[in-house]
Amino acid sequence: MLRFLAVRNLAVIDRLELEFEAGLNVLTGETGAGKSILVGAVGLLVGGRASADLVRTGEDAATVEAIFDTQGGEVIVRREVSAQGRSRASIDGALATSATLRDVCSPLVDLHGQHEHQLLLNASTHLEVLDTFANLRGTRSLVADRFATFQSIRSERERLVSGEREKASRQEFLSFQIGEIDRVSPKAGEDEDLSAARTVLANADKLQRLCSEAYDALYEGDAAVLPALGVVWKKVGELAALDTRFGPYLDARTAVKSQLEDLSFFLRSYAGAIDASPARLQEVEDRLAQLERLKKKHGPTLADVLRKADALRREHHDLIHATERIATIDRELALARDAYLEAAAALSNARRAAAVDFARALEIALGELAMTNTRCEVRFAPATTEAEWTDRGVEEGEFYFSPNPGEDLRPLARIASGGELSRVMLALKTLASTDAPGKTLIFDEVDAGIGGAVADVVGARLQRLATTYQVLCITHLPQIAAYGSTHYRIEKGVRNGRTVTDVARVDGSRREEELARMIGGNDISPAVIASAREMLAFRRGRGQSSARENRDSSPHSQQSKQRKAK
């Protein structure tokens, strides 16, 4: 669960720290106070998109930090967004990418924004909901992979067929470019070798003079080093006879002499091998100019030129053998098509088997949300052409819905009211979350479009949900807020000429006053306070009863009762 949240310089939030509890945490406050910014802060921690617009005006960066309690211990997550829009994240102190944040934190948090229920109006999202309920992510991933392979082979075939139509002109162009490179016939690293040779040739006189002078100093000059070393070694030999510490130097004389002789011979041969003719220098310059022209057109490096030549030859070969390649591609495409259809059929069968259970579970969940007569159904529309195949399979799915007895089932997107959509969304999300007890569920204004008795039912549902999960709920309705086991008030004000948002936990009389404000506005009378107090007491009692019912209905409780009965 989300135990601690710290936010710095995020939108109108200057700095705040919150300790959340298990159970149902409610957050209330006036519209625009910054409640949804807290949801956005958690969204950053689960890999949401970062933007410079999130950073508080005049600040260098915004940061969000959280501590999650998991079965494996604490997980500390941090996300920083700079005023330039750059983002940096860490998990337990180690740098992490946005993708890693999603992998690590998404299983810990189920985030439902205030406009998310509007997604239900888009029928293309319905299959995703069904697949999540039926735990078909693995099968769906296989379908997506095989569809990608099928698409890739189909695209290659289309390119080859197109190449057939334009084959003559393309072949001519490729032949020209290949010939242009082949006439020069560049070799890997040749330009670097030629540049080094040009330096030698341009300095031939100086190199020959230096070699001659060095050779004379070593071997042939009046004060040549090698002849003089004989005297040195004789003296060192006499010294070594008197003091053994000179022995190692005497032992090294052969190696030193050999190295100096090798150097002298190399100096003589190097000077004699230099071709100092202007013709050779011009030859090197001309070759370098040829290579530079190729690099300018196909480079920028000679290695790029060689890679380009290989690519041109491959394409030229493919064009020449396009007919043969198309036949091979057709066989590969048929195999890829069969593999995709096999996986898509398995996914379709699994969906249809799950759709019945899903519709029944949704009806039960909606019944608990004061929609007892609702009927639900998932209807599928199989693709009629290959062009309609997608990475989601060979069908589309849509939720059909009838909230009133006697009415035909119709598409959910066409008939559901705002309040009904909110409850359908809540029901769907709680269904989708049943495989991960202990996670944090965050609802931002799930009460949109509802009120009165329905709001009370939604509050009770959230309270019941909070016996299994940690629930954070942003609400404007006192009927829902009164169900919270922990209550926070979010308030916006002006401090030192700047807008700031503060969050404080409210208990006792302060909570009664906050509920009274939600009931009666700014004019709070003793009667309204009394109503708030009564509302809290009533819902607290319902919550205790609901918790006992949940414990009694658990498998452990049932087994205990059976043992006592025996």
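Bear in mind the structure is a predicted one, so any value in this text is a computation, not a measurement. Residues take their numbers from the sequence shown, with the count starting at 1.
Qualifying salt bridge (Lys or Arg N to Asp or Glu O under 4.0 Å) partners for E388, counting only residues two or more places apart in sequence or in other chains: none. With sequence neighbours left out, L142 forms a side-chain contact (heavy atoms from CB on, under 4.5 Å) with R146, A343. Under the rule for a side-chain contact (heavy atoms from CB on, under 4.5 Å), the partners of A11 that lie at least two apart in sequence or sit in another chain are I37. With sequence neighbours excluded, the residues satisfying side-chain contact (heavy atoms from CB on, under 4.5 Å) with D391 are A144, F147. With sequence neighbours excluded, the residues satisfying side-chain contact (heavy atoms from CB on, under 4.5 Å) with E17 are F4, A6, R8. Remark: R157 engages D330 in a salt bridge (Lys or Arg N to Asp or Glu O under 4.0 Å) (not counting sequence neighbours). Taking R360 as the reference, E363 meet the salt bridge (Lys or Arg N to Asp or Glu O under 4.0 Å) condition, with sequence neighbours excluded. For Y488, the ring pair (Phe, Tyr, Trp, His ring centres under 6.0 Å) criterion is met by F20, not counting sequence neighbours. Applying the ring pair (Phe, Tyr, Trp, His ring centres under 6.0 Å) test to F358 and every residue at least two apart in sequence or in another chain returns F133, F399.
No donor-acceptor pair closer than 3.5 Å links the side chain of T501 to the backbone N or O of K492. Of the possible donor and acceptor atoms, one in the side chain of T132 sits under 3.5 Å from a partner among the backbone N and O of E128.
Using a 4.5 Å cut-off on side-chain heavy atoms (C-beta onward), R423 and V457 make no contact. Side-chain contact between L335 and I153 is absent, with no heavy-atom pair separated by less than 4.5 Å. Counting heavy atoms from C-beta outward, C376 and Y400 have side chains that stay 4.5 Å or more apart. Between R505 and E21 there is a side-chain heavy-atom pair separated by less than 4.5 Å. In this structure, E74 and D69 have side chains that are in contact, with non-hydrogen atoms separated by less than 4.5 Å. When side chains are defined from C-beta on, V424 does not count as touching T374, because their heavy atoms never get closer than 4.5 Å.
Sequence neighbours left out, not one pair with a member in residues 76-105 passes ring-ring contact (aromatic ring centres under 6.0 Å, His included). For residues 334-348, the set of pairs meeting the side-chain hydrogen bond (donor to acceptor under 3.5 Å, both in side chains) definition, not counting sequence neighbours, comprises R337-E386, S348-E395. Applying the ring-ring contact (aromatic ring centres under 6.0 Å, His included) test to pairs two or more places apart or on separate chains, none has a residue in residues 61-81.
A455 and I480 get closest at one heavy-atom pair: O-CG1, 3.4 Å. The two residues N122 and S124 make their nearest non-hydrogen contact at OD1-OG, 2.7 Å. C105 approaches V77 most closely through the heavy-atom pair SG-CG2, 3.7 Å. Here the shortest heavy-atom pairing between A50 and R79 reads CB-NH2, 3.5 Å. Nearest heavy-atom pair across S106 and K439 is O-NZ, 4.2 Å. Shortest non-hydrogen contact noted between G367 and T372 is O-CG2, 3.5 Å.
Considering T63, L101, L44, D92 as possible partners of R78, the one that fulfils the side chain to side chain contact (heavy atoms under 4.5 Å, CB included) test is T63.
Both tests do not hold together for R351 against F380: distance to the six-membered ring centre under 6.0 Å, angle to the ring axis within 45°.
Checking E407 against S402 by side-chain atom types alone, no donor-acceptor pair falls below 3.5 Å. Looking only at atom types and distance, the side chain of T97 has a donor-acceptor partner in the side chain of T100 under 3.5 Å away.
Using a cut-off of 4.0 Å between Lys/Arg side-chain N and Asp/Glu carboxylate O, E513 and R510 are scored as not salt-bridged.
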